[in-house]
Amino acid sequence: MSETRRKLTTIFCADVQDYTRLMGADEEGTLAALKRCREAMGRLIESHGGRVINTWGDGLIADFPSVVEAVRAAVDTQNELAGFNARRPTDGRMLFRIGINLGDVIVENDDIYGDGVNIAARLQASAAAGGIVISSTVYDQVRNKVAVGFEFLGPLMVKNVDEGVPSYAVKIGNAKDETPPPQRSGPARPQPAAEIAEARPAPGRRRLFGVLGVIAAVLIGINLLSWQGVFWACFPVLGLAVVAALAWNRDQTRFNRRIASLAIVALGIAGINLFTWTGQFWAVWPILGIAAVMGLRWSMRR
């Protein structure tokens with residue numbers, strides 16, 4: 001017998017704007033583009049701790065234990081797909097709409113059901129092409145934790161839900177989308193990939209990098225001013241460099257975050273080996289173990 005239970009989770013729904021038109025114009029090319037976009041979306045969902053539950057046609061549904069990570073995954077997805085679409089003709093761009101809701105759902109085997117899912121699907125359907133719409137339950141959790149803007153869209157009517165669901169568009173760019181939903185303004189257009197790559201770090205990370213840089217400089221200065229033939233400052237500076245790299249990795253979208261974290265740890269171990277060099281490269285063994293874990297994670301990705 002199948003196991004049925006309930007849980008509170010963050011539901012992530014996505015589909016493609018004008019998918020029927022795209023398929024009518026070029027079936028094979030559209031399917032190839034859809035597969036590529038889904039692979040990118042699945043990678044980003046997994047890197048944020050989410051799980052793809054189901055795919056059908058041009059749609060996708062996933063859930064996340066963290067509301068913040070669900071929104072970050074959606075923003076990263078739209079940013080990455082903006083770069084993909086920038087290289088495609090205007091009438092062949094594959095623009096996803098994403099809706100996110102935090103709600104109580106019924107879990108049966110690996111699938112989820114209930115009003116929480118229906119609300120997420122309705123939010124997704126109301127999003128502009130390339131945009132994200134979230135419910136007020138999501139907004140309350142992320143408004144001060146994600147470096148994006150929000151635009152209140154008012155209550156959204158959902159079948160079988162008595163009261164309208166307050167909704168917000170996530171603003172991840174500077175320009176308004178060219179095809180907003182009817183009777184209301186749509187979320188902003190995602191930034192092109194080149195602009196994303198050149199974006200400045202978030203204020204919190206800039207402060208962290210600045211503090212770590214000052215601490216590293218002070219340690220090196222103390223070491224040089226009290227020089228006794230040993231450059232001991234290399235070890236705490238290496239530790240600070242690893243902390244800075246892990247902080248950078250937390251918000252980067254170019255690589256899988258978990259694999260990148262393992263790579264940063266491996267480089268830190270290699271640095272310790274080099275700073276304590278006695279003629280033996282012992283770091284090869286822990287690095288080999290980390291490489292095996294990275295390989296397993298890569299092969300088991302969706």
Side-chain angles (χ1 to χ4, degrees), residues 10-64 69-101 109-112 117 120-133 170 172-173 177-179 187 189-194 196-197 252-260 294-302:
T10 309
I11 307 103
F12 174 115
C13 283
D15 80 347
V16 180
Q17 174 82 2
D18 292 335
Y19 180 70
T20 302
R21 176 186 62 79
L22 293 171
M23 285 293 287
D26 179 9
E27 284 189 352
E28 293 185 358
T30 298
L31 287 174
L34 178 63
K35 181 178 179 181
R36 181 171 178 182
C37 291
R38 272 191 179 158
E39 288 175 350
M41 192 178 299
R43 168 174 53 81
L44 291 169
I45 288 171
E46 181 185 358
S47 72
H48 284 277
R51 174 180 66 104
V52 175
I53 295 175
N54 201 354
T55 59
W56 67 96
D58 61 319
L60 177 147
I61 184 169
D63 72 343
F64 291 78
E69 292 302 322
V71 174
R72 286 175 174 166
V75 172
D76 289 351
T77 293
Q78 296 294 31
N79 283 337
E80 182 158 326
L81 295 184
F84 170 74
N85 282 308
R87 301 186 293 272
R88 295 176 62 85
T90 302
D91 60 353
R93 292 178 177 175
M94 184 159 288
L95 301 172
F96 277 80
R97 303 174 298 184
I98 297 176
I100 304 176
N101 179 46
N109 295 325
D110 291 329
D111 215 339
I112 58 176
V117 178
R122 182 69 180 87
L123 293 167
Q124 163 257 301
S126 70
I132 305 165
V133 173
V170 179
I172 52 179
D177 194 277
E178 296 176 357
T179 57
R189 180 196 304 272
Q191 293 173 290
I196 297 164
Q252 62 87 18
T253 60
R254 186 178 297 273
F255 310 104
N256 181 286
R257 287 185 175 84
R258 295 181 182 179
I259 293 178
M294 292 170 62
L296 288 173
R297 289 200 60 84
W298 182 266
S299 64
M300 295 175 64
R301 283 172 52 188
R302 294 182 183 270

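Keep in mind that what you see is a predicted model, and the values were worked out from it rather than measured.
Counting only heavy atoms from C-beta outward, the side chains of C37 and M41 never approach each other to under 4.5 Å. Taking 4.5 Å as the limit, some side-chain heavy atom of V52 sits within range of a side-chain heavy atom of L60. Counting only heavy atoms from C-beta outward, the side chains of R51 and D110 approach each other to under 4.5 Å. In this structure, V75 and N79 have side chains that are in contact, with non-hydrogen atoms separated by less than 4.5 Å. When side chains are defined from C-beta on, V133 does not count as touching Q124, because their heavy atoms never get closer than 4.5 Å. You'll find the side chain of D58 stays beyond 4.5 Å of the side chain of M94, heavy atoms only. Looking at heavy atoms from C-beta onward, R88 lies in side-chain contact with N85 at the 4.5 angstrom threshold. Between I53 and I112, the closest side-chain pair of non-hydrogen atoms falls below 4.5 Å.
In terms of heavy-atom proximity, S126 sits nearest to L123 at OG-O, 2.8 Å. The two residues G57 and L34 have their closest heavy-atom pair at O-CD2, 3.7 Å. Nearest heavy-atom pair across A74 and I100 is CB-CD1, 3.7 Å. Of all the heavy atoms in L95 and G130, the pair that sits closest is CB-N, 3.9 Å. Residues A62 and I45 share a closest heavy-atom pair of CB-CD1, 3.9 Å. A121 approaches C13 most closely through the heavy-atom pair N-SG, 3.9 Å.
No donor-acceptor pair closer than 3.5 Å links the side chain of D63 to the backbone N or O of T10. At least one donor-acceptor pair under 3.5 Å links the side chain of R21 to the backbone N or O of D91. Although no hydrogens or angles enter the test, the distance criterion places a donor-acceptor pair under 3.5 Å between the side chain of R87 and the main chain of G83. At least one donor-acceptor pair under 3.5 Å links the side chain of Q78 to the backbone N or O of G131. Between the side chain of R38 and the main chain of A33, no donor-acceptor pair closer than 3.5 Å is present. Counting only distance, with no hydrogens or angles, the side chain of T30 and the backbone of E27 share no donor-acceptor pair below 3.5 Å.
Taking CG from N101 and CD1 from I11, the interatomic distance works out to 5.0 Å, rounded to the nearest 0.5 Å. Rounded to the nearest 0.5 Å, atoms CZ (R72) and OG (S47) are 11.5 Å apart.
With sequence neighbours excluded, the residues forming a ring-ring contact (aromatic ring centres under 6.0 Å, His included) with F64 are F12, listed by chain and number. Qualifying side-chain contact (heavy atoms from CB on, under 4.5 Å) partners for A40, counting only residues two or more places apart in sequence or in other chains: R43, E80. Every salt bridge (charged side-chain N to carboxylate O under 4.0 Å, His left out) that D15 has, sequence neighbours left out, goes to R97.
R36 and E39 are not joined by a salt bridge, as no carboxylate oxygen comes within less than 4.0 angstrom of a charged side-chain nitrogen.
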